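Note that the coordinates shown come from a computational prediction; the quantities given were computed from them, not determined experimentally. Whatever order the structure lists them in is the order used to number ligands and atoms, beginning at 1. In what follows, residues are counted from 1 in the order of the sequence shown.
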Amino acid sequence: MEYCSKLFSMLKPFIAANWKMNKTIKETEDFITSFLPMVKDVKDVDIAIAPPFTSLASAGKLLKATSIQLAAQNVFYEEKGAFTGEVSAGMLTDAGCSLVIMGHSERRHLFSESNEAVNKKIRAARKNRLEVILCVGETLREREENKTFEVLESQLSGSLKDIMLEGITIAYEPVWAIGTGKTATPEQANEAHTFIKKWLKKQFGEEAGRTRILYGGSVTPENIESLMEEPEVEGALVGGASLNPESFAKIIFGAKRRKK
Ligand code: 13P
């Protein structure tokens with residue numbers, strides 16, 4: 001495929017842990033303390049961990065001297081004020097975050113997060129020098145109705161409207177593969193990633209060449225290698241299998257062995 005340029009295959013793999021609503025502060029600290037020695041020599045994979053809000057500051061202290069990025073799982077777009085229950089981008093930076101996950105399907109479906117809200121959140125993150133992992137993905141029904149590309153296009157165009165691509169990573173997370181044990185086949189992932197890359201290239205030109213596309217949905221130490229062998233899969237956003245330090249480290253080592 002002509003679009004799979006050399007530049008793309010040279011992008012460093014990126015493996016991010018999304019812990020969702022799991023782990024206390026103590027559990028977070030225990031994880032990081034045992035995980036850091038396991039990956040201390042890893043230089044050729046970028047790593048991020050997204051604990052829940054309550055653990056961010058303590059995780060931030062432990063990760064400060066490392067190259068592992070601390071990520072939040074959500075952010076609100078206003079800077080401060082009467083927004084009960086919300087957390088601003090400035091507060092995330094203050095806690096040590098350099099990255100934030102946006103538009104996760106659980107937020108889109110359980111909390112009615114719209115593309116418009118995601119767009120505002122990306123702008124707020126930008127202002128506070130936070131990088132972004134933007135999640136997109138179709139439901140099973142949408143896939144069965146052959147609407148996968150339509151859904152991806154609408155999520156991408158709505159979320160990225162009038163925004164520069166720099167500092168943004170895209171995570172393709174088919175909703176039917178999240179927490180279900182049903183991974184997309186490497187070919188299905190690659191097909192969606194190829195569509196996303198072509199779309200980004202059309203909208204953003206050369207800038208798109210620096211954007212990594214991660215796959216998310218039932219990634220495990222057992223399937224990471226075959227996923228990463230696909231030309232357009234540059235990393236993974238891992239839920240359940242990132243909760244255990246050994247299993248998350250194995251996924252990182254699997255990504256490192258990428259043959260491209
Ligand atoms: P699982 O790896 O548990 O399927 O979760 C994927 C996910 O939603 C990561 O953001």
Do any heavy atoms of Ala16 fall under 4.0 Å from ligand 1? no

Answer with yes or no whether Ser218 contacts ligand 1, where contact means a heavy atom under 4.0 Å from a ligand atom. yes

Heteroatom distance test ([X], ligand 1): nitrogen or oxygen, under 3.5 angstrom:
X	answer
Gly239	yes
Gly240	yes
Thr180	no
Leu237	no
Lys20	yes

Classify the ring geometry of Phe76 against Phe83: parallel below 30°, tilted from 30° to 60°, perpendicular beyond 60°. tilted

Once the angle between the rings of Tyr172 and Tyr215 is folded into 0 to 90°, is it parallel (under 30°), tilted (30 to 60°) or perpendicular (over 60°)? tilted

Consider salt bridge (charged side-chain N to carboxylate O under 4.0 Å, His left out). Of Glu234, Glu230, Glu191, which one does Lys197 pass it with? Glu234

Side chain, backbone, both or neither: the part of Ser105 lying under 4.0 Å from ligand 1 by heavy atom: neither

What part of Asn18, side chain from CB on, backbone N/CA/C/O, both or neither, has a heavy atom under 4.0 Å from ligand 1? side chain

Flag for Thr194-Glu232: side-chain donor and acceptor within less than 3.5 Å: no

Please tell me whether Asn223 and Thr183 have a donor and an acceptor in their side chains that are separated by less than 3.5 angstrom. yes

Give me the atom names and distance for the closest heavy-atom approach of [X] to [Y].
X	Y	value
Leu56	Pro51	CD2-CD, 3.7 Å
Ala177	Ser218	O-OG, 2.8 Å
Val39	Ala249	CG1-CB, 4.2 Å
Ala241	Thr220	CB-CA, 4.2 Å

Specify the protein heavy atom at minimum distance from atom 4 (O) of ligand 1: its residue, its atom name, and the distance to 0.1 Å. Gly179 N, 2.6 Å

Residue and atom name of the nearest protein heavy atom (relative to atom 9 (C) of ligand 1), distance in Å to one decimal: Glu173 OE2, 2.9 Å

What are the atoms of ligand 1, with element, lying closer than 4.0 Å to any heavy atom of Gly217? 4 (O), 6 (C)

Show me which atoms of ligand 1 lie under 4.0 Å from any heavy atom of Ala177. 4 (O)

